[in-house]
Amino acid sequence: TLLPCTTLFRSGLEGGVLRVGASTTVATYLLPPLLARFRAAHPAVALRLASANTRRIARALLERRIDVALVEGPVTNARIEIVPWREDELVVIAHPAHPLAARRALTLDRLAAEPVIVREPGSGTRDVAERALAQHGVRLRVLMQLASTEAIKQAVAAGLGAAIVSRAAVADQVALGRLVAGRIRGVLLARLGTELRLIGRAASPAAAAFQALLARQRRPD
């Protein structure tokens, strides 16, 4: 179920409400700085955030329950326009004492033999990783399935296993030495974060202002 929208700021433009839906990784690690910039420019807008996996965010957009949708997983729907936003790299993470930690560049065979912790079906991170690895004939061996990237990070830091996550999601824990992040030799696990737009739906003034903010991020001055 899509998590309920939470009112973050009320006080915009000259008022109104902006409902932003974001997939879990985007909502947790990439969206907060954008929300802060939007709030600084439009403090009177009531800003609400809904977080769920990519599949559920796309559904919320189709049902007009959100005004802006940002996801990191693949979406295919004839009613949705896909607007590129930013690139994100996926990395393999492990506890520093895990055997994988000594291999900053893993082979596909080594990864295929390693049980990994994954997100639920519908997660953009899982979809992108599985599709990319399938092109090389590799299928992940699932050790356990958890409902959030934060839960996966904690499980890996506790030594329960390895995982594939966004580099942005683990930068802090890698810097602290709690996790080690590495790449797969010869494979670039990258994904394109996108904005989803409902074709034929005019953007509200608040949504148009937020889309302009995203456009400036795509084309920095």
Side-chain angles (χ1 to χ4, degrees), residues 22-34 51 53-55 57 69-76 82-96 98 100-112 114-143 145-146 148-157 161-196 214-220:
S23 53
T24 309
T25 298
V26 173
T28 305
Y29 306 104
L30 305 178
L31 192 55
L34 286 171
S51 174
N53 65 36
T54 293
R55 186 181 302 170
I57 291 298
L70 297 172
V71 301
E72 82 279 6
V75 174
T76 303
I82 310 296
V83 181
W85 172 39
R86 58 167 292 167
E87 289 188 348
D88 184 27
E89 182 185 7
L90 301 182
V91 292
V92 181
I93 60 170
H95 184 276
H98 192 284
L100 291 185
R103 305 177 178 225
R104 296 305 177 95
L106 305 175
T107 64
L108 283 168
D109 288 345
R110 182 66 181 84
L111 179 64
E114 184 67 32
V116 294
I117 304 169
V118 299
R119 285 279 307 279
E120 78 285 357
S123 155
T125 301
R126 180 172 177 175
D127 286 350
V128 170
E130 288 183 335
R131 291 188 186 196
L133 293 173
Q135 295 178 0
H136 297 273
V138 173
R139 183 174 181 178
L140 293 176
R141 293 180 59 198
V142 176
L143 173 65
Q145 180 176 294
L146 298 176
S148 73
T149 300
E150 277 301 303
I152 288 176
K153 288 167 56 179
Q154 293 301 320
V156 174
I164 298 175
V165 299
S166 163
R167 183 179 289 280
V170 294
D172 55 346
Q173 297 302 300
V174 170
L176 290 171
R178 296 189 69 225
L179 296 172
V180 174
R183 294 173 172 168
I184 304 169
R185 187 174 300 149
V187 179
L188 177 61
L189 282 182
R191 59 187 176 185
L192 182 63
T194 58
E195 178 196 354
L196 309 181
L214 294 175
R216 289 195 295 273
Q217 190 179 62
R218 286 192 292 268
R219 298 185 293 274

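You'll find the side chain of Lys153 stays beyond 4.5 Å of the side chain of Arg178, heavy atoms only. Using a 4.5 Å heavy-atom cutoff, the side chains of Val165 and Val156 are not in contact. Side-chain contact between Leu70 and Leu214 is present, with heavy atoms from C-beta onward closer than 4.5 Å.
Residues satisfying the side-chain hydrogen bond (donor to acceptor under 3.5 Å, both in side chains) criterion with Asp88, sequence neighbours excluded, are Ser166, Arg191.
Atom CG of Leu90 sits about 14.0 Å away from atom CZ of Arg126, to the nearest 0.5 Å. The OG atom of Ser123 sits 11.0 Å away from atom CG of Leu146, with the distance rounded to the nearest 0.5 Å. Rounding to the nearest 0.5 angstrom, the gap separating the NE2 atom in His136 from the CD1 atom in Ile184 is 8.5 Å.
Nearest heavy-atom pair across Ala94 and Leu100 is CB-CB, 4.3 Å. Nearest heavy atoms, Leu189 versus Ile164: CD1-CG2, 4.0 Å. The two atoms that bring Ala162 and Glu114 nearest to each other are CB-CG, 4.3 Å, heavy atoms only. Closest approach of Ala163 to Ile152, counting heavy atoms only: CB-CG2, 3.4 Å. In terms of heavy atoms, Thr194 sits closest to Pro84 at CG2-CA, 4.2 Å. Considering all non-hydrogen atoms of both residues, Val180 and Ala101 come closest at CG1-O, 3.9 Å.
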Query raised in the report: Between Arg183 and Arg167, is a side-chain contact (heavy atoms from CB on, under 4.5 Å) present by the stated rule, with each step listed?
Result: CA-CA 10 Å; Arg183 294 173 172 168; Arg167 183 179 289 280; 3.6 Å; yes

Query raised in the report: Does the side-chain contact (heavy atoms from CB on, under 4.5 Å) test come out yes or no for Glu72 and Thr54, once each step is laid out?
Result: CA-CA 7 Å; Glu72 82 279 6; Thr54 293; 4.1 Å; yes

Requested in this report: Kindly indicate, with the supporting measurements, whether the criterion side-chain contact (heavy atoms from CB on, under 4.5 Å) is fulfilled by Val170 and Thr149.
Outcome: CA-CA 9 Å; Val170 294; Thr149 300; 5.7 Å; no

**Report entry** side-chain contact (heavy atoms from CB on, under 4.5 Å) evaluation trace for Leu192 with Ile82
**Finding:** CA-CA 10 Å; Leu192 182 63; Ile82 310 296; over 6 Å; no

Just distance, no hydrogens or angles: give the donor-acceptor pairs under 3.5 Å from side chains in residues 25-34, sequence neighbours left out.
unit_1: Thr28; atom_1: OG1; unit_2: Thr24; atom_2: O; d: 2.9
unit_1: Tyr29; atom_1: OH; unit_2: Glu150; atom_2: OE2; d: 2.2

